[in-house]
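Here is the structure we will look at, set down as structure tokens.
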Protein chains: 2
Amino acid sequence: MVAAMVTTGTRERLVTTAQRLFASQGVGPTSPRQVLEASGVGQGSLYHHFPTKHDLAVAAVGATVEQALTAARRDLEGDGSGDPGGGVEALDRVVAYVTRPREALAGCKVGRLTSDQAVMDDDGLRDVVTAYFVRLLAAVTATLREAGLPADAARDRAHAAVAVVQGGYVLARATGDEDAMRAAVRGFVALLAPEARR
Amino acid sequence: MVAAMVTTGTRERLVTTAQRLFASQGVGPTSPRQVLEASGVGQGSLYHHFPTKHDLAVAAVGATVEQALTAARRDLEGDGSGDPGGGVEALDRVVAYVTRPREALAGCKVGRLTSDQAVMDDDGLRDVVTAYFVRLLAAVTATLREAGLPADAARDRAHAAVAVVQGGYVLARATGDEDAMRAAVRGFVALLAPEARR
DNA sequence: GTCTATACAATGATAGAC
DNA sequence: GTCTATCATTGTATAGAC
């Protein structure tokens with residue numbers, strides 16, 4: 001209970017450094033050597049805390065996924081009152097989620113991993129990515145149901161909403177223009193909530 | 001004029017093999033050695049035709065992009081008559097484009113490259129990817145204008161349409177479920193063309 | 001727990017014979 | 001144009017001292 005706060009240790013530094021490198025280069029192309037050099041720890045330290053690259057990747061990708069999911073839920077959850085009008089209306093929360101400013105040119109920290117062969121070939125890592133999208137889709141679907149959509153429509157539109165964001169990242173990176181994501185989101189929102197209060 | 005047909009040579013075999021490997025593993029993770037072994041040619045042959053991996057990648061990615069663009073245009077172009085009713089209506093052609101059956105679990109052969117650091121760090125390769133999406137977006141935008149949308153709305157909805165397809169690939173790969181792409185597309189089409197003739 | 005040194009395979013390419 | 005042999009570098013660890 002006393003030592004619990006002092007955890008800005010080597011292990012944590014390795015994880016945050018790995019998160020940063022994974023986000024910018026992907027998991028496959030990032031070597032353990034790069035991580036230890038960028039974090040300033042020695043060879044032995046990394047392999048003490050994380051015997052293999054897989055172990056480091058699970059820790060770093062897991063942390064990234066938790067952070068991303070937390071951010072999405074902040075957008076999507078109402079005030080819990082259940083009262084229409086008690087918080088922001090459900091459809092507006094979905095609009096808030098898709099329109100949230102994003103670093104479009106960097107790509108989605110999680111979505112990009114679906115093209116990372118080192119991730120998809122590793123059962124443990126792939127499961128972390130799968131769980132992220134399953135939970136994200138469930139949250140968006142629930143919010144759309146709250147907005148009054150029937151189950152099938154809610155499910156399909158939730159998939160479309162998340163896909164527009166993911167595809168927006170792809171378009172922004174491909175064209176080198178972060179407005180490409182904004183255009184995609186605008187096009188979708190105009191259809192989903194034509195009267196959206198902006 | 002005589003020799004022009006006999007071109008099922010070593011060079012072409014290398015390109016098609018590279019296309020296949022790039023599509024399944026990405027460009028970065030595919031080694032020249034894998035390409036020459038899979039195509040059955042010798043070390044020297046590959047490096048004779050393509051002095052560097054970059055040269056091989058430009059040829060293979062360029063071919064893939066041309067094929068993808070040709071397929072998209074087949075969906076999007078009318079019969080050229082300009083007559084409403086002379087061919088399939090413009091909005092239906094956009095619906096045809098987004099609903100075309102795709103190997104969702106494999107990911108988009110071009111879109112995946114935006115997460116491939118080896119591609120994005122190479123000016124020549126990145127330009128090929130950029131050109132693909134610029135031309136694809138232009139084609140979808142033009143078709144939506146033909147459908148009667150004003151310029152801004154056509155541009156935004158075209159971005160949304162292409163993003164839904166790209167994001168559909170991401171969702172399908174992430175969840176391991178090819179229906180995820182179909183759900184995203186269905187959700188989008190229900191909004192874009194509620195009365196779509198299916 | 002952390003450090004330096006080392007091992008061993010794969011990558012991307014070159015050399016030079018045929 | 002194609003082949004075999006070779007090479008320098010990087011990736012992923014392991015060994016063993018402190």
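Chain identifiers are assigned alphabetically (A, B, ...) following the order of the sequence lines, protein sequences preceding nucleic acid strands; residue numbering begins at 1 within each chain.
Within residues 32-49 of chain A, the residues that place at least one heavy atom under 4.0 Å from DNA chain C are, in residue-number order, Val41(A), Gly42(A), Gln43(A), Gly44(A), Ser45(A), His48(A), His49(A).
At distances below 3.5 Å, at least one donor-acceptor pair connects side-chain atoms of Lys53(A) with backbone N or O atoms of Gly28(A). With hydrogens and angles disregarded, a donor-acceptor distance shorter than 3.5 Å links the side chain of Arg173(B) to the backbone of Leu105(B). Although no hydrogens or angles enter the test, the distance criterion places a donor-acceptor pair under 3.5 Å between the side chain of Arg112(B) and the main chain of Ala23(B).
Nucleotides of DNA chain C that come within less than 4.0 Å of any heavy atom of chain B span, from the 5' end to the 3' end, dT11(C) to dT14(C).
You'll find the side chain of His49(A) stays beyond 4.5 Å of the side chain of Arg13(A), heavy atoms only.
To the nearest 0.5 angstrom, Leu192(B) atom CG is 13.0 Å from Leu192(A) atom CG.
Around CD of Gln34(B), the count of heavy atoms belonging to other residues, nucleotides or ligands within 6.0 Å exceeds 12.
Residue Arg93(B) forms a side chain to side chain contact (heavy atoms under 4.5 Å, CB included) with just one option from Glu77(B), Arg74(B), Glu146(B), and that option is Glu146(B).
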